[in-house]
Each structure stands twice: as C-alpha cells, then as structure tokens.
Amino acid sequence: MRKQGIDTVIAEELALIPGMDEIVSLINIYRNARENNFETVIIDAAPTGETVRLLSMPDTFQWYAGRINKLKGGVLNLARPLINAVLPTTEILEAVQSLSERVKTLRQVLSDPEISSYRPVVNPERMVLKEALRAETYLALFGYPIDGVICNRVIPAGDYQDVFMQELYRNQEKLRKRIHQTFAPLPIWEGPYCSHEILGIKQLDELATTIFGEQDPTQIFYRGAVQEITAHGDIYILRLPLPHVEMDKVVMTKKCDEMIIEIGNFKRDITLPSVLAHHEAVVAKFVNKALEIHFALPSERSDRSA
C-alpha cells in the first residue's frame, strides 16, 4: 500500500488485522453453540499465554475495527482508487463493520455466566500453579466467569514404603492444600494421578465419575466474580470475595506481579495484572464479605510525576 502512495499510517491501519485466526476460531465455536449442533461445546484450551491471547481477541478486534471505521470517511474515499489497485475488492472494508457486530455479540456470549464458564486445570506443581493463577487473574480481568477448578494428577494418600514416593506425596500434599486455599471460594475437583494415559470414551467416563460423581459437569457451579479491579482516581481497588474468612490480621507480601495474602491460617496467592505490578498495596479491609485491597503508586514516584 505504501508503494502505491498511501500514507504510512493509513497503510498500517488497513493492513490485515492481527488475531484473525483467533477470531475465526471463536466465531466457529459460537456458530456451533448458536445453531444447537451440540448440547455443550467444550474447549480444551492451550496454555495460559495462548488462551489469554485467544480470549482477548474480541476486545482487540473491536479496537482495530473502530480505527478502520474512522477511515471510512473522507480520507478513505480519497484513497479508494489506490486501494482498488492493491486489494481485490473494497468490500472487505465494509465487511469489517459486519464482522465487528458479530464479534460484539460473541463477546457477550463468552462473558455471560448463564451460558459460558471457565475452569482452570492445575497440577499440584509450583510452576503449573503459578500459570493457573495467571489464568485466573486475566479471565477475571476480561470478565470471563470461572465456576470451578480441576486439580489434576493428584497422588492418592497411601502407606508408601518407597522414600521417593513418600517425598513426592508430601510435596504434592502441601501444594494440593495450597490450591484449595488459593482458589477459594471456587469449587475444586480432584483428578487422580493415573499410571496410563486416559484414552477412549470408557476411560473418560470412568474419570468423569471419579471427579464429578453423580453431578452434572455441564451445570454452572459458581456464580460471581473471583476478582474485581476498579479505579478511583489514582487508586486501584482489588476486590476478592472471601465469604468464609473472618477478619483478623491481614499480612500482605508483594513481589512484582505476585501477592501473598495471609489471614490467620488462610493463605492465598494472587498473580496481579500488569496495571498493578508497579503499585503498592496501602490498605486492606473487609467490606461485605470481601477483602478490598487499595493500590497506589509509590510515594516517591508520585512526587516525581507531580
């Protein structure tokens, strides 16, 4: 486009919108759900980074679509003869608006707690737990409803004679308890560590019975936000529903984007979104069965900016 004389900025705006693969995938998922081809659509998502990128695409696409729509006035009309020379048809520009409306509807479906739910799967391992916390944070940040957590590959209690198995079980048990504390008040199911890969309908059915019992795994098990972030001027408030925790003494430890909250015997790890990574936690208090943590910029940084 630049070679044809279109301004550099306009050429960049008219280039292929990033994330179109993800948008197409999500629209196909939505189409199957809308047309009732299936009772339930289950997505075995990729690791955290790819999943967050996938679920953030509706918002990203809306931004790009808005930028392109702004060009549909006089500037775009002037550039249309040049666009005709480099694009097969200018109908693609009009199609962006139509696709934008579909993506807007898609976003509503993905964030509707009566239709969609998200369940992080976490093994009792430190790095996997950290990834699951990051997934929970960004799902909450984008408003996607989480209704439970699967703690997978759990070694069952037993009288292990082998020293290696004893140590492995003890380490897992610590992390398993930490997972239950960290993801409260979400329901948590446990899947056993199997000696073989789970393959086929029969084995999957047995695993489902072990995890969910007689419960219908497609029902919504929890309604409500697990994290909320609101801005009040220069102060950010992180709200964590903790209905079963009584207020005592709150101890908070923050390292970059990680915060550890301790209230008596209760301990919860939180991965903070990037907007809070460089802020300090200044106040913590219970309001309506939820812990509210106030974040502010460090005083010396505020002084420099003033």
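- Heavy-atom minimum distance, Tyr222 versus Pro185: OH-CG, 3.4 Å.
- The minimum heavy-atom distance linking Arg153 with Tyr193 is given by the pair NH2-OH, 2.9 Å.
- By the 4.5 Å heavy-atom criterion applied to side chains, Phe212 and Gln219 are not counted as neighbours.
- Atom CZ of Arg176 is separated from atom CD of Glu190 by 4.5 Å, given to the nearest 0.5 angstrom.
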Result block: side-chain N/O donor-acceptor pairs under 3.5 angstrom for residues 234-241, not counting sequence neighbours:
residue: Arg239; atom: NH1; partner: Glu228; partner atom: OE1; Å: 3.4

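- Partners of Arg170 by salt bridge (charged side-chain N to carboxylate O under 4.0 Å, His left out), not counting sequence neighbours, listed by chain and number: Glu167.
- No side-chain heavy atom of Arg126 sits less than 4.5 Å from a side-chain heavy atom of Leu129.
- Within the model, atoms CG of Leu133 and CD of Glu131 stand 9.5 Å from one another, a figure rounded to the nearest 0.5 Å.
- More than 12 heavy atoms of other residues, nucleotides or ligands sit less than 6.0 Å from atom CG of Leu199.
- With rounding to the nearest 0.5 Å, the separation of CG in Leu175 from CG in Asn123 is 10.5 Å.
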* Show your working on side chain to side chain contact (heavy atoms under 4.5 Å, CB included) between Met259 and Phe295 and close with a plain yes or no. => CA-CA 12 Å; Met259 170 167 279; Phe295 290 83; 3.9 Å; yes

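- At a threshold of 4.5 Å between non-hydrogen side-chain atoms, the residues Leu272 and Lys254 count as touching.
- Grouping the Ile, Leu, Val, Met, Phe, Trp and Tyr side chains by contacts below 4.5 angstrom, directly or via other members, places Ile188 apart from Ile211.
- Of the possible polar contacts, one joining the Gln172 side chain to the Ile155 backbone as a donor-acceptor pair under 3.5 Å is found.
- Note that CG of Leu139 and OH of Tyr118 are 7.5 Å apart. Values are rounded to the nearest 0.5 Å.
- Using a cut-off of 4.0 Å between Lys/Arg side-chain N and Asp/Glu carboxylate O, Lys202 and Glu206 are scored as salt-bridged.
- Val282 is not connected to Ile293 by any chain of hydrophobic side-chain contacts under 4.5 Å among Ile, Leu, Val, Met, Phe, Trp and Tyr, and they are in different clusters.
- At least one side-chain heavy atom of Ile43 sits under 4.5 Å from a side-chain heavy atom of Val41.
- Atom CD1 of Ile42 is separated from atom CD of Glu39 by 10.5 Å, given to the nearest 0.5 angstrom.
- Between the side chains of Asp159 and Gln161, a donor-acceptor pair is found at a separation under 3.5 Å.
- Once rounded to the nearest 0.5 Å, the distance linking OG of Ser117 with CZ of Arg223 reads 9.5 Å.
- Shown here for Ile146 and Leu186, the closest heavy-atom pair between the two residues is O-CD2, 3.4 Å.
- Put simply, the side chain of Lys130 never gets that close to the backbone of Glu125: no donor and acceptor are under 3.5 Å apart.
- Val154 is not listed as a side-chain neighbour of Pro192, based on a closest heavy-atom distance of 4.5 Å or more.
- Taking the side chain as every heavy atom from C-beta outward, His180 and Val149 never approach each other to under 4.5 Å.
- Here Asp147 pairs with Arg119 in a salt bridge; the nearest charged N to carboxylate O distance falls below 4.0 Å.
- Asn288 CG: 12 or fewer foreign heavy atoms inside a 6.0 Å radius.
- Val121 and Leu204 fall within a single hydrophobic cluster, where Ile, Leu, Val, Met, Phe, Trp and Tyr side chains are chained together by heavy-atom contacts under 4.5 Å.
- The two residues Pro187 and Phe221 have their closest heavy-atom pair at CG-CB, 3.8 Å.
- Formation of a donor-acceptor pair under 3.5 Å by the Ser116 side chain with backbone atoms of Val109 is found in this model.
- Taking all atoms of both residues into account, the shortest heavy-atom contact from Pro145 to Pro113 is CG-CA, 3.8 Å.
- The backbone N or O of Tyr169 sits nowhere less than 3.5 Å from a side-chain atom of Lys174 that would complete a donor-acceptor pair.
- In this structure, the side chains of Glu280 and Leu297 stay at 4.5 Å or more apart for every pair of heavy atoms.
- Closest heavy-atom contact between Ile179 and Pro124: CD1-CA, 3.9 Å.
- Annotation: side chain of Phe286 is not in contact with side chain of Glu292 (no heavy-atom distance under 4.5 Å).
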